[in-house]
Amino acid sequence: MKSEQSSILILGPTAVGKSELAVALAQRIAGEVISADARAIYRDLTIGTAKPPAHLRERVPHHLIDFLDPTERYDVMRFRHDVLKAIEEIRARGKMPIVVGGSTLYISVLTGTFFAGPKADPQLRRRLESQPQEQLRQRLEAVDPEAAQRIHPNDKIRTVRALEVYELTGVPISRWQRESKVPFPYRFTKIGLTLNRRVLYERINARVDRMIAQGLLEEAKALKEKLTPQMPAYRTIGYEEFFAYLDGKISYDEAVRLIKKHTREYARRQFIYFKREPDVHWIDVTGKSLEEVLDEALRLLGQHLSESA
RNA sequence: GCCGAGGUAGCUCAGUUGGUAGAGCACAGGACUGAAAAUCCUGGUGUCGGCGGUUCGAGUCCGCCCCUCGGCA
C-alpha cells in the first residue's frame with residue numbers, strides 16, 4: 001500500500017443522500033469530493049444525473065464531474081487512472097479525498113483488484129456485435145469454456161468482451177482474470193448509506209417529478225441532437241425514456257413511469273451489489289437528519305482511525 | 001330499512017359445466033472485473049370476507065352473518 005492513511009469512500013444507492021453527506025463531511029475534515037459516477041462525468045447531462053447542485057459544489061471542490069463530452073466513451077480503467085491522479089493532487093494539498101459514488105464497477109476498481117488486460121477495441125467490438133449471439137456463444141465455449149460457464153448464454157455484452165480479450169491477446173479472459181490482479185494503491189475507509197426501501201422508492205419517484213419540473217425533457221431534447229444509441233451516455237435513465245417519447249415510440253406518461261421504474265430497479269441492483277462489499281461501515285439513514293448522519297459518520301471515522309493507530 | 005353490484009396476491013381484476021387459483025402493474029432474490037444509470041438470470045408473493053351446509057371434492061352451489069360502493073328512502 002502506497003498510503004499509511006486511508007481515504008474515504010461513501011457508497012450507496014441513488015437518492016440516498018451521498019452527495020450531501022460528502023460535502024458536510026468535507027467541510028468538517030477539510031476534504032475534497034471525487035465523484036464515482038459513470039454518468040455525472042458528462043457535460044450536458046445535468047438534471048437527470050442528479051449531479052451535486054451548484055450550492056454544494058461551491059462549498060467544496062468536486063472532481064470527475066462535467067469533464068467529458070457526452071459523445072465520448074469512458075471506462076473503468078480511465079476512471080481508476082483519474083481517481084488516482086485526483087487523490088494524489090488532493091493529498092498534495094493536505095486535504096482528505098472523499099470518493100462518493102454509486103457506479104458499482106467503478107467502486108470495485110477502487111476496493112478490489114483488476115486484471116491488466118487489453119482495453120476495449122471499438123472496431124473489433126463492432127464486428128463482434130454484428131454477429132448473432134448464438135454464434136458468439138459457440139465461439140466462446142470453444143476458446144474459453146471457463147468464461148462460458150460464468151457468463152450467461154444471453155449476456156451478449158460479457159460474451160463480446162470475453163471474445164474481444166481473447167482475439168486481442170490470444171489468452172482467454174478467464175486466465176487473465178485469474179492471473180492478473182492489480183490492486184488499487186490506496187486504501188479506503190468505507191461508509192455505506194442505506195435507507196428503508198419503501199422510503200427510498202418514494203424519494204426516487206418524487207425526485208423524478210422534481211427533475212421533470214426542472215426541465216429534464218428540454219435537456220433530453222437538446223441532447224438527442226448530438227447522441228446516437230451507441231454512445232454510453234445515450235443509455236442513461238431519464239434520457240433514454242424521453243428519447244423514446246420524442247421518437248413517438250411511447251407516450252409521455254409512459255416515459256415518466258418508466259424513468260421512475262428504471263431508477264428504482266437501478267437502486268435495487270446497487271443494494272444487491274454493495275451488500276457484498278467487505279468492511280463497509282453501514283449507516284441506516286432512515287428518519288435521520290443530515291446532522292445525525294454526519295455525526296455517525298464522524299464517529300465511525302474516529303473509531304476507525306484509532307483502531308488503525 | 002329496501003333494491004342492486006361487489007368482497008380472490010400489495011393494487012386493479014380474471015377464474016369455463018365444482019377438481020385446493022392466474023394476468024397486468026407493483027415487488028423480491030441473484031449474477032456481474034475495461035459499456036456498469038450498462039448487460040443478464042430467477043421468482044406468484046394467497047385464511048379466494050367469515051361461519052355452517054351439500055359433495056369424494058367448494059373461489060365456484062345453498063343458508064346465515066360481516067364489510068364496501070351505488071340507488072331508493
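Below, chain A is the first sequence line, B the second, and so on; all start at residue 1. It should be emphasised that the depicted structure is a prediction, and the values quoted were computed from it without experimental measurement. Any value given below was found using the heavy atoms of this structure, including those in side chains, with hydrogens, waters and symmetry copies removed.
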Task: Residues, nucleotides or ligands: over 12 heavy atoms within 6.0 Å of Arg175(A) CZ - done: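 Counting neighbours around CZ of Arg175(A), 12 or fewer heavy atoms of other residues, nucleotides or ligands fall under 6.0 Å, so no.
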Open item on the list: Does Arg93(A) have more than 12 heavy atoms from other residues, nucleotides or ligands lying within 6.0 Å of its CZ?
Closed with: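 Count over threshold, so yes.
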Between [N] ([atom2]) and [X] ([atom1]): distance, integer Å:
{"X": "Arg137(A)", "N": "rC40(B)", "atom1": "CZ", "atom2": "P", "value": "14 Å"}
{"X": "Arg80(A)", "N": "rA36(B)", "atom1": "CZ", "atom2": "C1'", "value": "17 Å"}
{"X": "Leu216(A)", "N": "rA37(B)", "atom1": "CG", "atom2": "C1'", "value": "13 Å"}
{"X": "Glu265(A)", "N": "rU42(B)", "atom1": "CD", "atom2": "C1'", "value": "14 Å"}
{"X": "Met211(A)", "N": "rA37(B)", "atom1": "CE", "atom2": "C1'", "value": "10 Å"}
{"X": "Tyr201(A)", "N": "rC25(B)", "atom1": "OH", "atom2": "P", "value": "16 Å"}
{"X": "Phe274(A)", "N": "rA36(B)", "atom1": "CZ", "atom2": "C1'", "value": "10 Å"}
{"X": "Arg198(A)", "N": "rC27(B)", "atom1": "CZ", "atom2": "P", "value": "8 Å"}

- [ ] Tell me whether the OP1 or OP2 atom of rC41(B) has a side-chain N or O from Asn154(A) closer than 4.0 Å.
- [x]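 Yes.
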Using the [atom1] atoms only, state how far [M] lies from [N], rounded to an integer number of Å.
{"N": "rA31(B)", "M": "rU8(B)", "atom1": "P", "answer": "36 Å"}
{"N": "rA58(B)", "M": "rG71(B)", "atom1": "C1'", "answer": "33 Å"}
{"N": "rA9(B)", "M": "rC48(B)", "atom1": "C1'", "answer": "10 Å"}
{"N": "rU47(B)", "M": "rG59(B)", "atom1": "C1'", "answer": "12 Å"}
{"N": "rA21(B)", "M": "rU60(B)", "atom1": "C1'", "answer": "11 Å"}
{"N": "rC13(B)", "M": "rG7(B)", "atom1": "P", "answer": "9 Å"}
{"N": "rU16(B)", "M": "rG6(B)", "atom1": "P", "answer": "13 Å"}
{"N": "rG10(B)", "M": "rC66(B)", "atom1": "C1'", "answer": "23 Å"}

If you measure from the Lys or Arg side-chain nitrogens to the Asp or Glu carboxylate oxygens, is any gap between [X] and [Y] under 4.0 Å?
{"X": "Glu265(A)", "Y": "Arg269(A)", "value": "no"}
{"X": "Asp247(A)", "Y": "Lys224(A)", "value": "yes"}
{"X": "Arg198(A)", "Y": "Glu202(A)", "value": "no"}

Name the nucleic acid region contacted by [X], choosing base, sugar-phosphate or nothing; use a 4.0 angstrom heavy-atom cut-off, strictly under.
{"X": "Thr49(A)", "value": "base"}
{"X": "Tyr42(A)", "value": "nothing"}
{"X": "Gly48(A)", "value": "base"}

[X] (side chain) donor-acceptor with [Y] (main chain) under 3.5 angstrom:
{"X": "Asp144(A)", "Y": "Ile173(A)", "answer": "yes"}
{"X": "Glu219(A)", "Y": "Thr46(A)", "answer": "yes"}
{"X": "Gln133(A)", "Y": "Pro153(A)", "answer": "yes"}

- [ ] Look up atom CD in Glu296(A) and atom NE2 in His281(A), then write down how far apart they are to the nearest 0.5 Å.
- [x]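 The distance works out to 12.0 Å.
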Open item on the list: In this structure, which stretches of RNA chain B are paired as stems of three or more consecutive Watson-Crick or G-U pairs, both distances less than 3.5 Å?
Closed with: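 Stem list for RNA chain B: B:1-7 with B:66-72, B:10-13 with B:22-25, B:27-31 with B:39-43, B:49-53 with B:61-65.
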Task: Nearest-nucleotide comparison on RNA chain B, the residue closer to the 5′ end among His152(A) and Ser103(A) - done: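 With His152(A) and Ser103(A) compared, the 5'-side residue is Ser103(A).
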Open item on the list: Against Glu164(A), only a single residue in Arg127(A), Arg125(A), Arg158(A) fulfils salt bridge (Lys or Arg N to Asp or Glu O under 4.0 Å); can you say which?
Closed with: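 Between Glu164(A) and the candidates, salt bridge (Lys or Arg N to Asp or Glu O under 4.0 Å) is satisfied uniquely by Arg125(A).
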- [ ] Take nucleotides 29-35 of chain B nucleotide by nucleotide from the 5' end and write B, S or -, depending on whether a protein heavy atom sits under 4.0 Å from the base, only from the sugar-phosphate, or from neither.
- [x] BBBBBBB
Task: Residue pair Asp66(A) / Tyr42(A): nearest heavy atoms and the distance that separates them - done: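 Between these two residues, the closest heavy atoms are OD1-O, 3.4 Å.
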